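First up is the structure itself, then whatever we jot down about it.
Worth saying up front: this structure is predicted, and the values here are computed from it rather than measured. Naming: A, B, ... by sequence-line order, numbering from 1 per chain.
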Amino acid sequence: MASLITCPHCGVRPKEEFAIRGDASLIRPAPSASDEAWHDYVYVRANPRGRTVEHWHHIAGCRRFLVVERDTVTHEVYSVVDGTAAAREARR
Amino acid sequence: MVRDYNNRHALDQKLRGTPKPANADHLEVGHWQAIATVLAHVGLETAVERALSSTPELSLRYCGPGEWLVVSEVDTPVGLMRRLDMLCGTQAHVVDQSDGRVLMRLSGPCARRILAKGIGVDLHPAAFARGGSTNVLCGHIAINLARTGEDLFELIVSRSFAESLFDDLMTMGRAFDLSAAFSD
Ligand SMILES: [Zn+2]
């Protein structure tokens with residue numbers, strides 16, 4: 001597990017200050033989407049080996065949601081960005 | 001029915017009757033302290049920060065983007081709320097935390113080494129300078145830590161965690177003969 005996360009608001013922090021809220025690459029289906037699509041979105045998760053994108057919540061710090069891209073094998077952290085900024089970027 | 005409510009300090013049980021003489025490393029707790037949370041409306045973060053920092057009596061403690069704890073050394077809790085309403089009335093949410101938080105002042109030549117036992121942040125002056133502040137985990141308790149001097153730190157903690165944090169700090173400071181008392 002990546003043990004040091006560089007929060008864009010708080011600086012370098014140990015992972016104990018965060019809560020991992022799961023996959024950040026999921027896209028919410030349309031309200032009218034099929035039950036299967038919703039079931040997949042809500043319940044089905046991959047357990048990837050390698051590069052993953054996750055939501056991390058900086059609970060003991062700025063209390064912002066962050067998007068962390070890290071490697072589950074090498075523990076390397078590639079990027080940490082604010083969740084709001086990431087969402088704004090994705091909407092564009 | 002008439003009830004009497006006593007306004008007791010969160011650390012009253014821990015500190016009542018503690019001896020006054022302070023050791024080199026000392027933890028001081030104020031009897032009361034005016035503290036408020038200010039959360040700027042979206043887009044008005046810099047305007048609110050500018051308004052707050054224009055008042056020298058107020059000390060700003062950074063919590064997150066657009067959010068601060070404001071500490072006043074001169075105001076009563078009511079006075080601080082009035083002042084903040086005037087400074088940033090429609091630009092921010094302001095909530096009185098004077099009864100909700102406890103402020104502790106840790107001083108002494110070993111203050112940094114004491115804190116290092118529970119805090120995962122580099123406290124070297126080059127990394128965490130005087131005037132700096134941040135939310136951080138101390139042991140298992142989330143606090144706001146500020147450096148107010150070379151060997152002077154202020155910790156702000158939720159009232160309900162104050163006793164637990166106090167016990168942790170005294171354990172962290174035992175090797176350094178840390179003393180604790182209410183300030184006068
Ligand atoms: Zn943070």
Is there a path of hydrophobic side-chain contacts, each under 4.5 Å between heavy atoms of I/L/V/M/F/W/Y residues, joining V68(A) to L26(A)?
no
Could you state whether F182(B) and L103(B) fall into the same hydrophobic cluster, counting links through intermediate Ile, Leu, Val, Met, Phe, Trp or Tyr residues with side-chain heavy atoms under 4.5 angstrom apart?
no
Please report the shortest heavy-atom distance between R63(A) and N135(B), naming the atom on each side.
NH1-ND2, 3.7 Å
Write down the atom of G120(B), the atom of P14(A), and the distance for their closest heavy-atom approach.
O-CD, 3.6 Å
Within a strict 4.5 Å, meaning less than it, do heavy atoms of the R13(A) and V136(B) side chains meet?
yes
Is it the case that atom [atom1] in [X] sees more than 12 heavy atoms from other parts of the structure closer than 6.0 Å?
X: F161(B); atom1: CZ; answer: no
X: R113(B); atom1: CZ; answer: no
X: R174(B); atom1: CZ; answer: no

When heavy-atom pairs shorter than 4.5 Å are enumerated against chain A, which of G64(B), P65(B), C63(B) gives the highest number?
P65(B)
Under 4.5 Å from any heavy atom of chain A, what part of V121(B) do you find: side chain, backbone, both or neither?
side chain
Heavy-atom pair count under 4.5 Å with chain B, highest-scoring of C62(A), A60(A), G11(A):
A60(A)
